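Values in this document were obtained by computation on a predicted structure and should not be read as measured data.
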Amino acid sequence: ILRSIAAFERTLTSPQTSYDRFVSGDRTALSPQAERGLRLFTQIGCANCHSGPMFSDFELHVLRVPDPPGSTSHDAGDGANRFRTPTLRNVTRTAPYMHGGVFATIPQVFQFYRQATTNPVDPDLRGVRTPTPQEAPDVEAFLRALGDAPFDASIPASVPSGLTPGGAPR
C-alpha cells in the first residue's frame with residue numbers, strides 16, 4: 001500500500017510556471033516587468049512571510065483584516081484573530097482575497113497592507129512596505145508569473161467533508 005501511495009504521489013506535479021522556469025535557470029522565462037516585481041517583492045519585505053516554494057511561511061499572523069460587508073459574525077481564525085499565511089501560487093486566479101474574501105482585487109490587498117503596516121500588530125509586518133502605485137504593476141506581473149501554468153479553477157459539486165463548496169463558477 002505504501003509503495004502504491006508513493007508511486008501515486010510522484011505523479012502529482014505542478015505545471016511549471018514562468019517563475020519556476022526562471023529559478024530553474026531559464027533567464028528568459030520572466031518578462032522584464034515580472035523580474036522587477038520579483039526584486040521588489042523581496043526588497044519590500046513580502047518574502048518575509050510569503051517565502052519558500054509555496055510562497056508561505058505557514059505561520060499564523062494577526063493582520064486585522066476586516067470582516068466582509070454584511071457579515072453577521074466575526075471570524076476569529078484560531079480564536080486569537082490569527083490566520084495562516086496563504087500560498088501565493090495562482091493568487092491572481094483565486095480572488096477574492098484574504099480569509100473572508102473581503103478584497104476583490106490585488107490593488108485592494110496592497111491598499112490594506114499599506115494601512116496594516118503603518119501600525120502593525122504582528123512583528124513580522126515591521127519593516128514591510130507595500131509597493132508604490134508605480135511599483136504595483138511590476139509586483140502584480142510577478143504574482144501572475146506564479147500562476148501562469150494550466151490551472152483547474154472549477155468548483156466541485158461536492159467535497160468529501162459533505163460541506164457545501166463555496167465560490168462562484170468561473
Using a 4.5 Å cut-off on heavy atoms from C-beta on, say whether the side chain of [Y] contacts that of [X].
| X | Y | answer |
| --- | --- | --- |
| D124 | H61 | yes |
| L60 | F83 | no |
| C46 | I44 | yes |
| P137 | Q33 | yes |

If you group Ile, Leu, Val, Met, Phe, Trp and Tyr by side-chain heavy-atom gaps below 4.5 Å, do [X] and [Y] land in one group?
| X | Y | result |
| --- | --- | --- |
| V23 | L38 | yes |
| M54 | Y97 | no |
| I106 | V102 | yes |
| V121 | V65 | no |

Quick check against the 3.5 Å criterion: does [X] have a side-chain atom that pairs as donor or acceptor with the backbone of [Y]?
| X | Y | value |
| --- | --- | --- |
| R21 | Q16 | yes |
| R36 | D138 | no |
| Q108 | T105 | yes |
| T17 | A145 | yes |
| T94 | V91 | yes |
| R27 | F22 | yes |
| S56 | G52 | no |
| S71 | D67 | no |

Considering all heavy atoms, the nearest [X]-[Y] contact:
| X | Y | answer |
| --- | --- | --- |
| E140 | P107 | OE2-CG, 3.7 Å |
| P96 | G101 | CB-O, 3.4 Å |
| A47 | T42 | CB-CA, 4.2 Å |
| R126 | P120 | CG-CG, 3.7 Å |
| P68 | G100 | CG-O, 3.2 Å |

Report the C-alpha distance between R93 and D148 in whole Å, list the side-chain angles of each, state the deciding distance to 0.1 Å, and finish with yes or no for salt bridge (charged side-chain N to carboxylate O under 4.0 Å, His left out).
CA-CA 9 Å; R93 296 170 152 188; D148 59 2; over 6 Å; no
Using distance alone, with no hydrogens and no angle criterion, decide if S51 and D57 have a side-chain donor and acceptor under 3.5 Å apart.
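Checked: S51/D57 side chains show no N/O donor-acceptor pair below 3.5 Å.
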May I have all residue pairs that pass ring-ring contact (aromatic ring centres under 6.0 Å, His included) and include part of residues 26-54, sequence neighbours excluded?
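Counting only pairs at least two positions apart or across chains, the ring-ring contact (aromatic ring centres under 6.0 Å, His included) contacts touching residues 26-54 are F41-F142.
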Can you tell me how far apart [atom1] ([X]) and [atom2] ([Y]) are? Round to the nearest 0.5 Å.
| X | Y | atom1 | atom2 | result |
| --- | --- | --- | --- | --- |
| D26 | D20 | CG | CG | 11.5 Å |
| T117 | L63 | OG1 | CG | 10.5 Å |
| Q111 | Q115 | CD | CD | 5.0 Å |
| N90 | F55 | CG | CZ | 11.5 Å |
| L146 | T92 | CG | OG1 | 8.0 Å |
| L30 | R39 | CG | CZ | 10.0 Å |

Which residue in the set F110, F112, Y113 passes ring pair (Phe, Tyr, Trp, His ring centres under 6.0 Å) when paired with F103?
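Per the ring pair (Phe, Tyr, Trp, His ring centres under 6.0 Å) rule, the option paired with F103 is F112, out of F110, F112, Y113.
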As a quick check of understanding, evaluate salt bridge (charged side-chain N to carboxylate O under 4.0 Å, His left out) for E135 and R129, giving each step before the final call.
CA-CA 11 Å; E135 295 168 332; R129 74 168 178 86; 2.8 Å; yes
